[in-house]
Amino acid sequence: MKIRKAVFPVAGLGTRVLPATKAMPKEMLTIVDKPLIQYVVDEAREAGIEHFIFVTGRNKGVIEDHFDRMYELDATLAARGKKAEMEILARDQPEAGAVSFTRQQAPLGLGHAVWCARDIVGDEPFAVVLPDELVLNTPGCLAQMIEAAGKLGEKSNLIAVEAVPDHLTHQYGICGVGKRHAAHGTMFEVDGMVEKPPKGTAPSNLSITGRYILQPEIFKILETQEHGAGGEIQLTDAMIGLSKMQSFYGVEFEGERHDCGSKPGFLRANIAFGMARPDLREGLRAEMKKYLEK
Ligand code: G1P
């Protein structure tokens, strides 16, 4: 199963981190020195993804600019001999033609956002990556999933999962745990999924995180998917439909997951990613120590 394309749903309003996201897309919030969206594109690229599909909305044009070249900046850096900065820009620049943008015209939910990418994805398996969530690990979460997918047959679907405290299960998609096979490592067969189960009804404490590998048959289901939890067209509900026809596996990935769409998660991610950077680690540790002693 070759996964060439990844869909990034980036139309959300980012209301959990206002006022930062009043005029700026939440995907452009900076963790250390890169916008969130750059981290997830890098994660996808490391996993072998060749085409990056962004489902955007109004007010998100700057994401498109971020993945374009900035001629004035390039020319100025070149004229000033700023080689290190030029290398950073070149490193992050996707190849021409490797990015596509389409708009979700109304906030109808994650399932609807993914459906908006149907024509660009076409008839092949693809990844979905939610940019709110960063996973600190090498190899990245998507690379781990693609490696896991290699152990499965064609027409398999995968979701990345992580245990959350029982009192938080109602905030996530939750999956039940079915059979485990010795050859599959930490992977297991998914036994049922439910989007934001009412408190006390979750089938497990394993939450669906923001990484999926899906077969294109999901689009047919999304086309007629009814509104679910929160009145939105939910990807989880369409996956429940698909799981009746195809296999679904959960992958317990390695790495620390950060929910950067919340204020505490965003701050924690800045510290975690800063501390993981050899060039910043010691300075950051010294600064934090000062504040902790206050
Ligand atoms: C979405 C998904 C949910 C998943 C979550 C992970 O929910 O619908 O299944 O657990 O992302 O962050 P949202 O955060 O958009 O409410």
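Quick note: numbers below take in every heavy atom, side chains included, and nothing from hydrogens, waters or symmetry partners.
Residue pairs meeting the salt bridge (Lys or Arg N to Asp or Glu O under 4.0 Å) criterion with at least one partner in residues 110-124, sequence neighbours excluded, are Arg4-Glu124, Lys5-Glu124. Residue pairs meeting the salt bridge (Lys or Arg N to Asp or Glu O under 4.0 Å) criterion with at least one member in residues 185-210: none, sequence neighbours excluded.
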Would you give me the side-chain donor-acceptor pairs under 3.5 Å for residues 159-175, sequence neighbours excluded?
unit_1: Glu162; atom_1: OE1; unit_2: Arg257; atom_2: NH1; d: 3.1
unit_1: Thr169; atom_1: OG1; unit_2: Asp166; atom_2: O; d: 3.0
unit_1: His170; atom_1: ND1; unit_2: His167; atom_2: O; d: 3.3

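Classification of Arg16 and Asp259 as a salt-bridged pair holds, one side-chain N sitting under 4.0 Å from a carboxylate O.
In this structure, the separation between CD1 on Ile213 and OG on Ser156 is 10.0 Å, given to the nearest 0.5 Å. Put simply, CG on Leu36 and NZ on Lys26 are 9.0 Å apart, with the number rounded to the nearest 0.5 Å. Note that CD1 of Ile240 and CD of Gln234 are 9.5 Å apart. Values are rounded to the nearest 0.5 Å. The distance from the CG atom of Leu158 to the CD atom of Gln215 is 9.0 Å, given to the nearest 0.5 Å.
Considering only heavy atoms from C-beta on, Pro35 stays 4.5 Å or farther from Glu27 through its side chain. Leu89 is listed as a side-chain neighbour of Leu77, based on a closest heavy-atom distance under 4.5 Å. The shortest side-chain heavy-atom distance between Asn59 and Leu13 does not fall under the 4.5 Å cut-off. In this structure the side chain of Cys260 never reaches within 4.5 angstrom of the side chain of Asp132, judged on heavy atoms. The shortest distance between side-chain heavy atoms of His66 and Met28 falls below 4.5 Å. For the pair Val190/Met193, a side-chain contact is recorded, criterion being any heavy-atom separation below 4.5 Å from C-beta on.
Enclosure of atom CD in Glu154 is not indicated, since only 12 or fewer non-hydrogen atoms of other residues, nucleotides or ligands lie within 6.0 angstrom.
Side chain of Gln225 to main chain of Gly111: no donor-acceptor pair is present (N/O by atom type, distance under 3.5 Å, no hydrogens or angles). A donor-acceptor pair is defined here as one N or O able to donate and one able to accept, closer than 3.5 Å; such a pair exists between the side chain of Gln104 and the backbone of Gly109. Judged by distance alone, the side chain of Arg211 and the main-chain N or O of Leu142 form no donor-acceptor pair under 3.5 Å. Using a distance-only test at 3.5 Å, with no hydrogens or angles considered, no donor-acceptor pair links the side chain of Thr30 to the main chain of Val32. A donor-acceptor pair under 3.5 Å links the side-chain atoms of Thr76 to the main chain of Glu72, judged by distance alone.
Between the side chains of Gln246 and Asn157, at least one donor N or O lies within less than 3.5 Å of an accepting N or O.
Relative ring orientation between His112 and Trp115 is described as tilted, the plane-to-plane angle lying within the 30° to 60° band. Using cut-offs of 30° and 60° on the angle between ring planes, the pair Phe101 and Phe54 is parallel. Taking the six-membered ring where tryptophan is involved, the planes of Tyr39 and Phe273 are perpendicular, since the angle between them exceeds 60° and thus also 30°.
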Please test Val114 against Phe219 for side-chain contact (heavy atoms from CB on, under 4.5 Å), starting from the C-alpha separation and ending with a verdict. CA-CA 8 Å; Val114 171; Phe219 293 124; 4.0 Å; yes
Is there a side-chain contact (heavy atoms from CB on, under 4.5 Å) between Arg103 and Arg58 once you walk through the steps? CA-CA 8 Å; Arg103 275 199 186 193; Arg58 278 177 294 284; 3.4 Å; yes
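The cluster map of Ile, Leu, Val, Met, Phe, Trp and Tyr, joined by side-chain heavy atoms under 4.5 Å apart, puts Val135 and Val129 in different clusters.
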